[in-house]
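Start at 1 with the first residue, then count along the sequence.
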Amino acid sequence: MKKFIGDVELYEYHLREIPDILNDVVIDGGFNICDNNIKTLNNFPADCYAIYLSGNPITSLVGIKQKYVSFL
């Protein structure tokens with residue numbers, strides 16, 4: 001399994017989906033995909049410290065692999 005140390009910032013890139021290169025990657029930091037056009041969470045990383053999803057027309061959280069998610 002691949003591990004990325006630090007934050008992954010993909011906000012305001014006009015993405016329609018999470019890039020498949022992030023599937024099964026552990027992110028030791030935050031994962032920010034705010035303000036895109038992402039509707040599904042396919043290819044979501046295997047684990048990350050914090051998730052930022054606002055500004056996307058997401059209709060389901062199916063695809064998040066974390067055991068614990070907190071919404072503030």
So how far is it from Phe44 CZ to Leu61 CG, rounded to the nearest 0.5 Å?
9.0 Å
Below 3.5 Å, can you tabulate the donor-acceptor pairs from side chains in residues 12-32 to any protein atom, sequence neighbours excluded?
| residue | atom | partner | partner atom | Å |
| --- | --- | --- | --- | --- |
| Asn23 | OD1 | Lys65 | NZ | 3.0 |
| Asn32 | OD1 | Cys34 | N | 2.9 |
| Asn32 | ND2 | Glu9 | OE1 | 3.0 |

Not counting sequence neighbours, list each pair that qualifies as a side-chain hydrogen bond (donor to acceptor under 3.5 Å, both in side chains) and has a residue in residues 35-48.
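Applying side-chain hydrogen bond (donor to acceptor under 3.5 Å, both in side chains) to every pair that reaches into residues 35-48, excluding sequence neighbours, yields Thr40-Asn42.
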If hydrophobic residues (ILVMFWY) are linked whenever their side-chain heavy atoms come closer than 4.5 Å, directly or via other members, who joins Ile5 in its cluster?
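When side chains under 4.5 Å apart are linked, Ile5 ends up in no cluster with other residues.
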Answer yes or no: is there a side-chain heavy-atom contact under 4.5 Å between Leu41 and Val62?
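When only atoms from C-beta onward are counted, Val62 and Leu41 do not touch, as no gap falls below 4.5 Å.
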Which ring pair (Phe, Tyr, Trp, His ring centres under 6.0 Å) pairs, counting each pair once, include a residue from residues 47-67, with sequence neighbours left out?
none
Transitive ILVMFWY side-chain link Ile38 to Ile64, under 4.5 Å
yes
